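What you see is a predicted model, and the numbers here were worked out from it, not measured in a lab.
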Amino acid sequence: MTWANFFPSRTMSLYMARMFLTRTFAILGALVLILQSLDLLTESGAILAYAGNGDAEIWRYVSLRVPQIASTFLPYSVLLGSILTLSQLNQNSEVIAMKASGLSAHQVLAPLLLTGIAVAAISFTFNDRIVSRATATLEQWKKVSYAPLPIDRGDRANVWVKGDNNLIQVQQVRGRGDAAQLYGVTVYERQNRSLVSILTAPHAVRAGDGWRVDNAERFIVATGQKTKVGSIVIGRTIRPDQFTLAHVDADSMAFGALYQAIGDLKVAGRQTEALEGALWHKLAGPLSAILMPLLGAVSAFGIARSGKLFVRAVIGMALGFLYFVADNFALAMGNLGAYPPFLAAWAPFLLFLMIGEAVLLRTEE
């Protein structure tokens, strides 16, 4: 049997794929519209609380939040789209006609599975190119309470590091490794946990085992006087990765950038298990679009006139939502270190792939 013969006719395959895509993205659009409206009820007050913000900032927030909501609820939409498509095909006796023509259950599902692969590819690209950037920008914007902030510069902002018993705040970090440059440096110098002085400098670069700041000024807390310091080396025990990798948010990074950050963290001797699990899940998550038609297939088979079509649809929904519960549970266990990263990301997908196959084979028998 060739691959072309494995699918129903071209007309039937396109018909099923169109039904599947139409219902999936219609459900996704409705979910995004409802959830974004509810989200604005809680966030619009915080956005407008900053003086000068108005309608433009509200729409800017919507443009950054919508990709996150769409990415989160696309798998649910694929599940519901699969169940609605297969239930309608069953209700109209189209599944019976296909099986009567000699097609197996896997051949009936083949157009949806192939379409699921296309949806998974779109989902991965969308998450990698759009959602990660929107998430990074939105997180930085929230940190400054929706004040003006450059969009998507790729730099780290508002980084805090502890070293030499002092606290160092950097407004912006550019570059990586020894080439990293710090802008807007503030050093809170302490003795016996008490603040004694505040050192400020516009710029700092790597110098030996520390950081050289130029045009620095020091404010003495006890006297209230400010003096010019000029050039001085600070943070002799602080490594570059403590600034550049002080907070690695997997959701805010594309696949390639996260892979590179994990490599840098390993070189610095830091734990990366949770980030490795998130990296693998960037691949496993979109692939759930292939799994959903298989889990929802129980609604496609069986005689619709028997009155159990609704029960079958509920079973398909239950299997799909159990997968999402298992997926979130495995990720949580991976973050705690109870599961290895690969297992945390891929175990739910492989487990429910086998469950879906078992249910499908049992249904076909």
Q: Enter the distance from Glu357:CD to Met354:CE here, rounded to the nearest 0.5 Å.
A: 10.5 Å
Q | Common cluster, Met292/Leu350, ILVMFWY with side-chain heavy-atom separation under 4.5 Å | A | yes
Q.
Taking the side chain as everything from C-beta on, heavy atoms only, tell me whether Trp346 gets closer than 4.5 Å to Leu287.
A. yes
Q) Are more than 12 heavy atoms from other residues, nucleotides or ligands located less than 6.0 Å from atom CZ of Phe321? A) yes
Q) Is the shortest heavy-atom distance from the side chain of Leu322 to the side chain of Leu295 under 4.5 Å? A) no
Q: Please step through side chain to side chain contact (heavy atoms under 4.5 Å, CB included) for the pair Leu138 and Gln68, ending with a clear verdict.
A: CA-CA 10 Å; Leu138 186 57; Gln68 292 181 329; 3.5 Å; yes
(Q) Can you see whether Glu217 engages Thr200 through a side-chain donor-acceptor pair at a distance of less than 3.5 angstrom? (A) no
Q) Same cluster for Ile262 and Met253 if Ile/Leu/Val/Met/Phe/Trp/Tyr side chains link at under 4.5 Å? A) yes
Q: Apply ring-ring contact (aromatic ring centres under 6.0 Å, His included) to the pair Tyr323 and Phe349, showing each step before the final yes or no.
A: CA-CA 8 Å; Tyr323 164 75; Phe349 178 85; 7.1 Å; no
Q: Please list all pairs passing the side chain to side chain donor-acceptor pair (under 3.5 Å) test where one or both residues lie in residues 15-29, with sequence neighbours left out.
A: Tyr15-Glu94, Arg23-Gln88
Q.
On a heavy-atom basis, which atom in Phe352 and which in Ala326 lie closest, and how many Å separate them?
A. CE1-CB, 3.7 Å
Q | Main-chain N/O of Ala120 paired with Ser123 side-chain donor or acceptor, under 3.5 Å | A | no
Q | Ile234 vs Val187 side-chain heavy atoms within contact, under 4.5 Å | A | yes
Q) Do Arg312 and Met317 have side chains that get closer than 4.5 Å, going by heavy atoms? A) no
Q | Check: Gln107 and Lys99 side chains under 4.5 Å, non-hydrogen atoms | A | no
Q. Between Pro286 and Asn127, what is the shortest heavy-atom contact and its length?
A. CG-ND2, 4.1 Å
(Q) Show me the pairs that pass salt bridge (Lys or Arg N to Asp or Glu O under 4.0 Å) and involve residues 35-46, at least two apart or across chains. (A) Asp39-Arg65
Q) Hey, is the main chain of Ala136 close enough, under 3.5 Å, to the side chain of Glu139 for a donor-acceptor pair? A) no
Q. So if you build clusters from Ile, Leu, Val, Met, Phe, Trp, Tyr with side-chain heavy-atom gaps below 4.5 Å, do Val131 and Trp280 land together?
A. no
Q: For residues Leu79 and Gly320, report the shortest heavy-atom separation together with the two atoms involved.
A: CD2-CA, 3.6 Å
Q | Note, Ile220 side chain near Ile198 side chain (heavy atom, < 4.5 Å) | A | no
Q) Backbone N or O of Ile47 within a donor-acceptor pair of the Asn53 side chain at under 3.5 Å? A) yes
Q: Using atom types as modelled and distance alone, determine if a side-chain donor or acceptor of Trp141 lies under 3.5 Å from a backbone N or O of Tyr146.
A: yes
Q: Identify the residue among Lys226, Gln225, Glu189, Gln191 that makes a side-chain contact (heavy atoms from CB on, under 4.5 Å) with Ser197.
A: Glu189
Q. Side chain to side chain donor-acceptor pair (under 3.5 Å) between Asp251 and Thr135: does it pass, once the steps are laid out?
A. CA-CA 7 Å; Asp251 294 334; Thr135 301; over 6 Å; no
Q. Is there a donor-acceptor pair under 3.5 Å between the side chain of Ser44 and the backbone N or O of Leu40?
A. yes
Q) Can you get from Leu331 to Tyr339 by hopping between Ile, Leu, Val, Met, Phe, Trp and Tyr side chains that sit under 4.5 Å apart? A) no
(Q) Looking at every heavy atom in both Ala134 and Leu64, which two are closest together, and how far apart are they? (A) CB-O, 3.6 Å
**Q.** Listed partners of Arg206 passing side chain to side chain donor-acceptor pair (under 3.5 Å), at least two apart
**A.** none
Q) Yes or no on side chain to side chain contact (heavy atoms under 4.5 Å, CB included) for Ile58 and Leu48, after CA distance, side-chain angles and deciding distance? A) CA-CA 8 Å; Ile58 292 290; Leu48 297 175; 4.2 Å; yes
Q: Output the distance between atom CG (Leu109) and atom OG1 (Thr115), rounded to the nearest 0.5 Å.
A: 11.0 Å
Q: For side chain to side chain contact (heavy atoms under 4.5 Å, CB included), just list the numbers for Val311 and Val314, CA-CA rounded to whole Å, side-chain angles, deciding distance to a tenth of an Å, and then say yes or no.
A: CA-CA 5 Å; Val311 175; Val314 171; 5.7 Å; no
Q. Counting N and O atoms only, with roles assigned by atom type, does the side chain of Asn166 sit under 3.5 Å from a partner on the main chain of Arg190, one being a donor and the other an acceptor?
A. yes
(Q) Starting from Ile117, can I reach Phe126 by hopping between I/L/V/M/F/W/Y residues whose side chains sit under 4.5 Å apart? (A) no
**Q.** Closest non-hydrogen atom pair between Thr85 and Phe20, with its separation
**A.** OG1-CA, 3.4 Å
Q.
Using only atom types and a distance under 3.5 Å, with no angle test, would you say the side chain of Ser288 pairs donor to acceptor with the backbone of Gly285?
A. yes
Q.
Tell me whether Glu57 contacts the main-chain N or O of Gly54 through its side chain, where contact means a donor paired with an acceptor under 3.5 Å.
A. yes
Q | Test: Arg236 cationic atom under 6.0 Å from Trp211 six-membered ring centre, within 45° of axis | A | no
**Q.** Donor-acceptor pair, side chain of Ser9 and main chain of Met12, under 3.5 angstrom
**A.** yes
Q: Carefully, step by step, assess Ile238 and Ile168 under the rule side chain to side chain contact (heavy atoms under 4.5 Å, CB included).
A: CA-CA 10 Å; Ile238 300 177; Ile168 301 177; 3.3 Å; yes
Q: Flag the pair Ile232 / Asp214 as yes when at least one side-chain heavy-atom distance between them is below 4.5 Å, and no otherwise.
A: no
(Q) On a heavy-atom basis, which atom in Leu31 and which in Ser77 lie closest, and how many Å separate them? (A) CD1-OG, 3.7 Å
Q) Any side-chain donor paired with an acceptor under 3.5 Å for Glu276 and His281? A) no
Q.
Is the shortest side-chain heavy-atom distance between Tyr183 and Gln171 below 4.5 Å?
A. no
